[in-house]
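Step one of this worksheet: look at the structure below.
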Amino acid sequence: MEKLGVEVETKKPKVKEVGLQELPGTHENIVLRFAPNPSGPLHIGHSRAAVPNAEYVKRHNGKLILRIEDTDPKRVFEPAYQMIPEDLKWLGIEPDEVIYQSDRFETYYDYARQLIENGAAYMCTCDGGDFKELKDNCKACPCRDNSVEENLELWEKFDTMQAGEAVLRVKTDINHKNPAIRDWVAMRLVDETHPRLGNKYRIYPMMNFSVAVDDHLMGLTHVLRGKDHLANTEKQKYLYDHMGWDVPEYIHYGRLKMEDIALSTSKAKEGIENGTYSGWDDPRLGTLRAIARRGISPKTIYDLIIEIGVKMADSAISWKKIYGLNRNFLEPIANRYFFCENPVKVSVENYSEGKMDIERPLHADHPDRGNRHLAFDGEAYLAQSDIADGIFRLMDAVNVEIDGENIVYHSTSFEDAREVKARIIQWVPVEENVNVKIVMDDASVKTGLGEKALNDLEVGDIVQFERVGFARLDEIKDDEMIFYFAHK
RNA sequence: GCUCCGGUGGUGUAGUCCGGCCAAUCAUUUCGGCCUUUCGAGCCGAAGACUCGGGUUCGAAUCCCGGCCGGAGCACCA
């Protein structure tokens, strides 16, 4: 008995984690960072990195750094400097500090020099191909044996060399079983004009170098990154080792595959430039701003990413899942309205009930929100796709029988409609209505009429068009309202 | 090819480290029913999974070995 008791006690309590696993290592004064390359606005894939960082910081009252990794001028898209913080804000993420790597070149140079002085890095003037040949065969290149003095001399002259003529390499293990790890490049020459630096510098740090220096200097306790950085983590550990720094806790998460939108930032940019897409918020794109425009709640994305967590296995997220979650947010807030696509004006023969003022609640579950009013006096617009032979109930109004071109009054009560199992369809009054366009998720447009109560809406409001789906009001024009379709 | 990493319902997850409380959690999805009124919302209900084969063990989703499948990296990109 006693033995059993001891065994049970040594076991860690199994705490049910909600979504994110507990952070390894310290939970005191944690410092995390989100470090995107400013090549465009944030994509849904970026939220995979941003959200867990922000969530851990929130849970442990830590510090979140937004670090803009703009050390490759070819991959900097200037507007992204503004777009990234905007997109983070939409997600509900406010970094405690924003840092631009392009401000820190002098720092990188200091550490590069230190590394050379320690004999941990060397200037390599080999041809790239030749170096690879040697490296792949576990052979050091001739430059590796140069003295510290020779290296320092080359380092001083680095700035005057031709791009490609030399690089600074960090010594690792030339026999490392993974060739990718062997003596990686820390600094190279770049002649491109940098959007923030102009042509002030020619010596640019490689990502592995600037990231490791910054992660250390900024006191990162944990580094969350995709598993595509696994080899980089190992490379960077050599640098920590050379410098005698403590390594942070590394957490690698798997790839996030998103169905339908395999669109990379560069492809999206190209499509925008050639007119294929209307902009970064084109509904076909997977950018956060496109998703926002369609009425997807940031909370949906945030929660979904938390649910996916930071495990190493890849995951594929589907629109169905996003829509399903988002529906839970939208259902209680979105008021209901009628919309008829490709409206057809119909007159109900033999209708003699006179003018009806029909009231329908803005939301069936929230009567306190009030009612909309729809007038019916024997005529209405119906959606073309709803017109077919049979008995139909114009929702809350009358029941009609359609037979080819003829539309004849059948009855008025809902009970009569039920009795004949009439399908219930929505309609729009002929006197008072508004022109509505709905931009669908494939950028096609549904054109039709909506009820006049839509006039009370403001841009940004999300509604549910009954039997059509949820949509966000994007723009109010003089003679029409433009919605973006979210989902059913 | 080489190096490394994964594999729980259609999808996303919990459980795996420390084997039994797991005939496996929750969400989404699909299907069915309900609803004085969304054939598309809502409500209720149901369906559906441990990659395979060996081994260890009284007992394996969980530990070991092997196969299969999938992914990533192999840049003077990040």
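Note on naming: letters A, B, ... go to the chains in the order of the sequence lines (proteins, then strands), and numbering restarts at 1 for each one. Excluded from the calculations below are hydrogen atoms, water molecules and symmetry mates; all remaining heavy atoms, backbone and side chain alike, are included.
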hbond_proxy Q464(A) side chain to U38(B) base (donor-acceptor, 3.5 Å cutoff): yes
Closest to the M395(A) side chain, choosing from A78(B), U38(B), U3(B): U38(B)
Nearest-nucleotide pick for R169(A), side chain only, options being G12(B), C76(B), C35(B): C76(B)
K177(A) side chain near C4(B) phosphate (N/O to OP1/OP2, under 4.0 Å): yes
Presence of donor-acceptor pair under 3.5 Å, side chain of E331(A) and base of G42(B): no
A78(B) phosphate, OP1 or OP2, under 4.0 Å from T71(A) side-chain N/O: yes
Under-4.0 Å side-chain N/O to phosphate OP1/OP2 contact, R336(A) with A41(B): no
Residues which pass ring pair (Phe, Tyr, Trp, His ring centres under 6.0 Å) with F339(A), listed by chain and number, not counting sequence neighbours: F465(A)
Cationic tip of R196(A) above Y100(A) ring, under 6.0 Å, 45° of axis: yes
Spacing between F470(A) atom CZ and U38(B) atom C1', to the nearest angstrom: 10 Å
Per-pair stack call F414(A) and U37(B), 5.5 Å, 30°: yes
Side-chain N or O of K227(A) closer than 4.0 Å to phosphate OP1/OP2 of G73(B): no
Given C5(B), U28(B), C76(B), the nucleotide with the shortest approach to the side chain of V185(A): C76(B)
H176(A) vs V211(A), nearer the 5' end of RNA chain B by closest nucleotide: H176(A)
cation_pi(R294(A), F470(A)) dist<6.0 Å, angle<=45: no
side-chain N/O R467(A) vs C39(B) OP1/OP2, d < 4.0 Å: yes
Sugar-phosphate, base or nothing in reach of D396(A), heavy atoms under 4.0 Å: base
Sugar-phosphate only, base, or nothing, as touched by K321(A) at under 4.0 Å among non-hydrogen atoms: base
Passing option when R360(A) is tested against E466(A), Q426(A), E451(A) for side chain to side chain donor-acceptor pair (under 3.5 Å): E466(A)
Short side-chain N/O contact from R75(A) to OP1 or OP2 of A75(B), under 4.0 Å: no
Touch class at under 4.0 angstrom, heavy-atom based, for R393(A) against every strand present: base
Electrostatic pair K446(A):E341(A) at N-O distance under 4.0 angstrom: yes
Sugar-phosphate, base or nothing in reach of M187(A), heavy atoms under 4.0 Å: nothing
H176(A): partners by ring pair (Phe, Tyr, Trp, His ring centres under 6.0 Å), with sequence neighbours left out: none
Touch class at under 4.0 angstrom, heavy-atom based, for N328(A) against every strand present: sugar-phosphate
Sugar-phosphate, base or nothing in reach of R327(A), heavy atoms under 4.0 Å: sugar-phosphate
Phosphate contact (U3(B) OP1 or OP2) by R182(A) side-chain N/O below 4.0 Å: no
Structure string for RNA chain B in dot-bracket form, Watson-Crick and G-U at under 3.5 Å, | interchain: (((((((..(((.......[.....)))((((((.......))))))...(((((..]....))))))))))))....
F131(A)/D183(A) under side chain to side chain contact (heavy atoms under 4.5 Å, CB included): CA gap, chis, key distance, verdict: CA-CA 10 Å; F131(A) 180 85; D183(A) 286 18; 4.0 Å; yes
Electrostatic pair D461(A):R472(A) at N-O distance under 4.0 angstrom: no
Sugar-phosphate, base or nothing in reach of M207(A), heavy atoms under 4.0 Å: base
